[in-house]
Every structure is written in C-alpha cells, then in structure tokens.
Asker: 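Got a structure here, written out as structure tokens. Questions coming.
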Amino acid sequence: MSGAVGGAPEPAWLVVANVVLWRRYGDGGQELRPGTKAYRGGAKVYVVDTYAGMGHQQLTTVGHGRHTGRWITIDTGTRHLHTFRARLVYAPAVLKRCPGPLVAGREEAEELAALLERVAREERHAHHGAPHPDPCLCHECLPVTPG
C-alpha cells in the first residue's frame, strides 16, 4: 500500500467482521464468556491476514482492544467472528497495520468474506460437540443477529 499525498495511506478493500457477543467455553462448551480475551463482544475488527494452510481457522485482525481501547493486532479464531463483509477502509490506523494488500479488489474481498463466514459457522458447530447449555446465549442460539 503506497502512501498518498500527505502521508495518509490509500484506501483498501478489507474483510470486516464482528466479534460474537457470547462464546462457548470450558468442558463441553457449557460455560459462556462475553466476547474474547482481546475484544469485546460485538466489536468491529478488520481482517488483515489469513492462514489458508490451516483452513482459515485463524485470522490476523486489527481492532480496538477490550481493556485499553487502543488499536491492537492479534490472531483470532475464525469461530469467534461473524457477519463477515467487504468494506473499503480509509482508517489510517488500520491501513498502517496491514502487512500488504490481502485482496486486490471488491470482488475478491466479497468472495473471501463469504468463505470466512462459512468457515466460522462450520467451526462453531464442530468445536464443541456437546449440546448447548440451557439457556444458551451463544451466537448460534441468539434469536437476533446483527447485519
């Protein structure tokens, strides 16, 4: 990503997602935890890299940290994210943390977003084989999902 006039990076197409509000945790997934250790539930994160060799189970994301509110870059499990979508990103803080262009344009970003949404759904179903607790607040069981 080359810098534009004035030092601000040029906008780039990235995949954007939200952190699940509640995630299953512990033996058999019977406990629920809000968000992740690094991100609050519902936080918007930007996907800046993927690990295709691992089936896209881990993603490198940029977002506001849970505790400090500062921008952080961290590897996150795909199953902890939802509502993947393609967005043209202008935020210099995000673009500076991108190692390079992940996708070439809008179409590629939309294809990657659809793939990651499918992988995340499959991972959420496969990760904990036990039945859900009652009542369950995990992403799959909530009656209303954003987006």
Side-chain angles (χ1 to χ4, degrees), residues 1-25 29 31-132 136-147:
M1 291 192 218
S2 60
V5 177
E10 294 179 12
W13 283 97
L14 293 177
V15 175
V16 179
N18 292 94
V19 177
V20 293
L21 294 175
W22 294 92
R23 64 184 168 93
R24 294 175 68 191
Y25 179 81
E31 296 179 45
L32 295 170
R33 297 259 172 108
T36 66
K37 184 176 180 180
Y39 296 120
R40 292 183 176 158
K44 180 196 272 187
V45 296
Y46 300 87
V47 177
V48 296
D49 200 8
T50 66
Y51 296 99
M54 294 176 49
H56 300 287
Q57 294 176 347
Q58 291 284 318
L59 307 172
T60 303
T61 58
V62 173
H64 288 285
R66 170 187 279 277
H67 302 290
T68 63
R70 293 181 175 210
W71 289 100
I72 60 171
T73 304
I74 194 167
D75 288 345
T76 305
T78 306
R79 69 180 183 272
H80 299 311
L81 304 176
H82 69 93
T83 318
F84 290 87
R85 58 214 181 265
R87 289 287 187 262
L88 188 58
V89 177
Y90 296 91
V94 174
L95 296 172
K96 283 190 258 181
R97 288 167 173 79
C98 291
L102 180 62
V103 293
R106 180 181 186 162
E107 293 78 23
E108 272 189 49
E110 289 173 347
E111 289 173 13
L112 182 59
L115 171 69
L116 294 176
E117 186 69 39
R118 189 178 73 243
V119 169
R121 190 176 315 110
E122 291 169 1
E123 286 294 313
R124 280 193 294 271
H125 285 293
H127 188 70
H128 293 290
H132 292 241
C136 186
L137 299 173
C138 78
H139 178 73
E140 297 298 322
C141 295
L142 285 175
V144 178
T145 58

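In this chain, residues are counted from 1 in sequence order. Note: hydrogens, waters and symmetry copies are ignored here, and every other heavy atom, side chains too, is used.
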Asker: Excluding sequence neighbours, so at least two apart, what forms side chain to side chain donor-acceptor pair (under 3.5 Å) with Arg118?
Answerer: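 If we apply the side chain to side chain donor-acceptor pair (under 3.5 Å) test to Arg118, skipping adjacent residues, there are no hits.
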Asker: Can you name the residues that form a side chain to side chain donor-acceptor pair (under 3.5 Å) with Glu110, not counting sequence neighbours?
Answerer: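 Side chain to side chain donor-acceptor pair (under 3.5 Å) check on Glu110 returns Arg106.
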Asker: With rounding to the nearest 0.5 angstrom, report the OG1 to CD distance, Thr50 to Gln58.
Answerer: 11.5 Å
Asker: Applying ring-ring contact (aromatic ring centres under 6.0 Å, His included), which residue pairs with at least one partner in residues 34-65 are found, sequence neighbours left out?
Answerer: His64-Trp71
Asker: Side-chain contact, heavy-atom cut-off 4.5 Å: Leu59 with Leu116?
Answerer: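 Yes; the side chains approach each other to less than 4.5 Å.
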Asker: Got a second to check how far Glu122's CD is from Arg79's CZ, nearest 0.5 Å?
Answerer: 14.0 Å
Asker: Identify, with sequence neighbours excluded, every residue that meets side chain to side chain donor-acceptor pair (under 3.5 Å) alongside Asp49.
Answerer: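 Listed in chain order: nothing, the list is empty.
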Asker: Using the side-chain contact (heavy atoms from CB on, under 4.5 Å) definition, which of the options Thr61, Val15, Val16, Val20 pairs with Leu81?
Answerer: Thr61
Asker: What pair of heavy atoms forms the shortest contact from Leu14 to Ala109, and how long is it?
Answerer: O-CB, 4.5 Å
Asker: Could you tell me whether the side chain of Arg85 and the main chain of Ala113 form a donor-acceptor pair under 3.5 Å?
Answerer: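 No; zero donor-acceptor contacts below 3.5 Å.
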Asker: What pairs with Glu108 under side-chain contact (heavy atoms from CB on, under 4.5 Å), at least two apart in sequence or on another chain?
Answerer: Val103, Ala104
Asker: Determine yes or no for a side-chain-to-main-chain donor-acceptor pair under 3.5 angstrom, with Arg66 supplying the side chain and Ala38 the backbone.
Answerer: no
Asker: Tell me every residue that passes side-chain contact (heavy atoms from CB on, under 4.5 Å) with Ala91, counting only those two or more places apart in sequence or in another chain.
Answerer: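 Scan of Ala91 (side-chain contact (heavy atoms from CB on, under 4.5 Å), adjacent residues dropped) gives Val89, Val94.
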Asker: State which residues pass side chain to side chain donor-acceptor pair (under 3.5 Å) with Glu107; sequence neighbours excluded, sorted by chain then number.
Answerer: none
Asker: Once side-chain hydrogen bond (donor to acceptor under 3.5 Å, both in side chains) is applied, what residue pairs with a partner in residues 96-105 remain, sequence neighbours excluded?
Answerer: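 Output for this query is empty, none listed.
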Asker: Compare every heavy atom of Gly65 with every heavy atom of Ile72, then report the nearest pair and how far apart it is.
Answerer: CD1-CA, 3.7 Å
Asker: How about Leu102 and Val48: do any of their side-chain heavy atoms sit closer than 4.5 Å?
Answerer: no
